[in-house]
Amino acid sequence: MATIEIDKVSKIYHGNVPAVSEVDIRIADGEFIVLVGPSGCGKSTLLRMVAGLETISSGTVRIGDRIVNDVEPADRDIAMVFQNYALYPHMTVRENLAYGLKNRRTPKPEIEARVAEAARMLELGPYLDRKPRALSGGQRQRVAMGRAIVRQPSAFLFDEPLSNLDAKLRVSMRGEIKRLQRRVGTTSLYVTHDQLEAMTLADRLVVLNGGRIEQIGRPLDVYHAPASTFVASFIGSPAMNLVQGELHGSKLAIGPALIDLGKAVPTQGAVTVGFRAEDLQAAAPGGTAAEGGSMPLRVDYVEELGSQRLVHGMVGDQAVTVALSSDATLRGEMPVTIPIGRLHFFDAESGRRLPWSSAEPHRTATAPDLLETAR
Amino acid sequence: MKRVQFSSPLLPYLFLAPQLAVIVIFFYWPSVRAIQSSFYLEDPFGFGSTFVGFDNYLGVLLSPEYLSIARFTAIFTATVTFFSLALGLLLAVKADAVIRGNAAYKTLLISVYAIAPPVAGLIGMMFFDQHIGPFVKIAAFLGWDMKVGLSYFDTAFAMIFVAVWKQIPYNFIFFLSGLQALPASVREAAAIDCRSGIKRFWTVIFPLLAPTAFFLLIINVTYALFDTFGVIDVMVKDKAANNPITLVYKVYMDGFRGNDIGGSSAQSVILMIVVFVLTVLQFRFIERRIHYT
């Protein structure tokens, strides 16, 4: 068990633009941190720097109370789970699990006990004497997890461990990883490009873009208060609607719609307005919008998801998606309303979030507040 | 494997015919002829032959000279195979560590193989030339009065040296491409699991390289037994008699210099059997322990 401190860490390849620049993350003992971002955002590079598979151009990485910049991967007391499992093909499952322990001169009875325990936890018992090629994808993934668990390291590093699995298996393995991490309580750093995986697994998630941190926070905080338009469009599915708006006093103009915010906003003029598809509602037929603002939506097409339907259309000349219940009545042109409190404002140029009190989310008290917020 | 339907059942054999013809004419037919003539005593001037049964074989196997040449051939083959494999592997591992992603460097290293074998052999010979050979000078500096072609041991040393040197680029290419084909993540997983690079090599990388190594083992044994003929010929031709030669060279000496076609044929049949048994043994005992991915 250990904390991980990533302090102003950068990675620059051959004098090019930095792949990772000045990233700070403090990971508490036992915390599950997910690095999420599009491909090329530097998340894997950052993970590999923590693992010691990639040199650190500048900054320091601390595992426990030790600076590990110049420590060999084998001496960092970490275990890594790779995307393509990286099992040793010439060894049986048992040998795969025991290999790291054997090299650390762990006594034989202890190795056997730990392998047996991991095999029990991951239900690998019947496969211990098989070679990896005789296993299915999900089983291989479990062996890779087992190889990490038997080591009882200070930290687990996961590099997109589920992206080689099919959709159904991915969901069940996701649950398994979460359960295992809770059980063994090992500090974990997990890389994924899948925002759903990030949301469901993370104690806190770190959204990366272009080698920089866009936001660090608990999944719901990031969801309810994205720090930038990038985070807003990346976290949550369907992506948050982002439209151009104009602020005049306490009035907000979006295309043809004029919404009364009820109180003045510090910023004036052009802004990017964000609102989630599920926060929009179809206006009651006949009646006008009582609370919140109303916008006329020209419907283009509808996606049926079963539990809800996604209505894609235009407000003025800007695309907007609305999530409605599956029994909602649809018309070619329909007014939709938005609760004022669910509007997000972003700077039109930088895309950074603009403070606006009534758009702040209600603090959710579900996750225990044992995690100090970084930065 | 894709199965192809032919309109006539004879058509595939027609396609195979050229290849089969080559094999029959250049491989089976000489083999059959060799077996046949190994039972006859041929007149050196071509005036008929006499059936002698196993006399030729007995003459060969009971000759102390033949047995001592066989002993040298075994030592020569084992030494050449071991050193050309070991050095090829060592160079490949070192080059692999440097050249990840550097195509130009890789091409440069591999281009050594493009030198024609006879030229490479000749260059090797020059190393040990009595007058200008740098290795003879180095040996003299170390107090070793090297006399290649005169001293049995010195000639054997030079022979093995040149034979190994010629074969290293071949092994290097195969080992290098084998190493480059290993998945990077498996090496990285091993780097996390095992601190010692040497131990990592023998427990993870070498076992994954084993199919390549096994293939090269067979090729190198065959090389040392047969393809070193040119090296040996350049080295001992027109030299004093007490020089090491291998079985293949003895076949040539007895058959074409000594005009003993029957004895020479018997030797080549013995050699055929040895290679066959050796290959079967290799497959039987080594190949089983290899993991093919």
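The figures here come from the full heavy-atom set of this structure, side chains too, leaving out hydrogens, waters and symmetry mates.
- Electrostatic pairing of Asp193(B) and Lys102(A) does not count as a salt bridge here, judged by no charged N lying under 4.0 Å from a carboxylate O.
- By the 6.0 Å contact criterion, OH on Tyr28(B) is open, its count of non-hydrogen atoms from other residues, nucleotides or ligands being 12 or less.
- Going from atom CD of Glu188(B) over to atom CG of Asp159(A) covers 9.0 Å, rounded to the nearest 0.5 Å.
- The backbone N or O of Thr203(B) lies less than 3.5 Å from no partner atom in the side chain of Tyr99(A), so there is not a single donor-acceptor pair.
- Across Pro73(A), Ala74(A), Ala79(A), the residue that shares the most heavy-atom pairs under 4.5 angstrom with chain B is Ala74(A).
- Counting heavy-atom pairs under 4.5 Å between each of Ala189(B), Pro183(B), Ser196(B) and chain A puts Ala189(B) at the top.
- Only the backbone of Leu87(A) comes within contact range of chain B, with heavy atoms under 4.5 Å apart.
- Within the 4.5 Å cutoff, the side chain of Val204(B) has heavy atoms near those of the Met91(A) side chain.
- A donor-acceptor pair is defined here as one N or O able to donate and one able to accept, closer than 3.5 Å; no such pair exists between the side chain of Arg195(B) and the backbone of Arg104(A).
- In this structure, Phe215(B) places its CZ atom where more than 12 heavy-atom neighbours from other residues, nucleotides or ligands lie under 6.0 Å away.
- No more than 12 heavy-atom neighbours from other residues, nucleotides or ligands sit within 6.0 angstrom of CZ on Phe83(B).
- Evaluation of the side chain to side chain donor-acceptor pair (under 3.5 Å) test over residues 63-74 of chain A, restricted to residues two or more places apart or in two chains, returns none.
- Counting heavy atoms of neighbouring residues, nucleotides and ligands inside a 6.0 Å radius, atom CD1 of Ile198(B) does not exceed 12 of them.
- Per-residue heavy-atom pair counts under 4.5 Å with chain B were compared for Met80(A), Arg48(A), Arg76(A), and the maximum is reached by Arg48(A).
- His90(A) NE2 to Ile205(B) CD1: the interatomic distance, rounded to the nearest 0.5 Å, is 10.0 Å.
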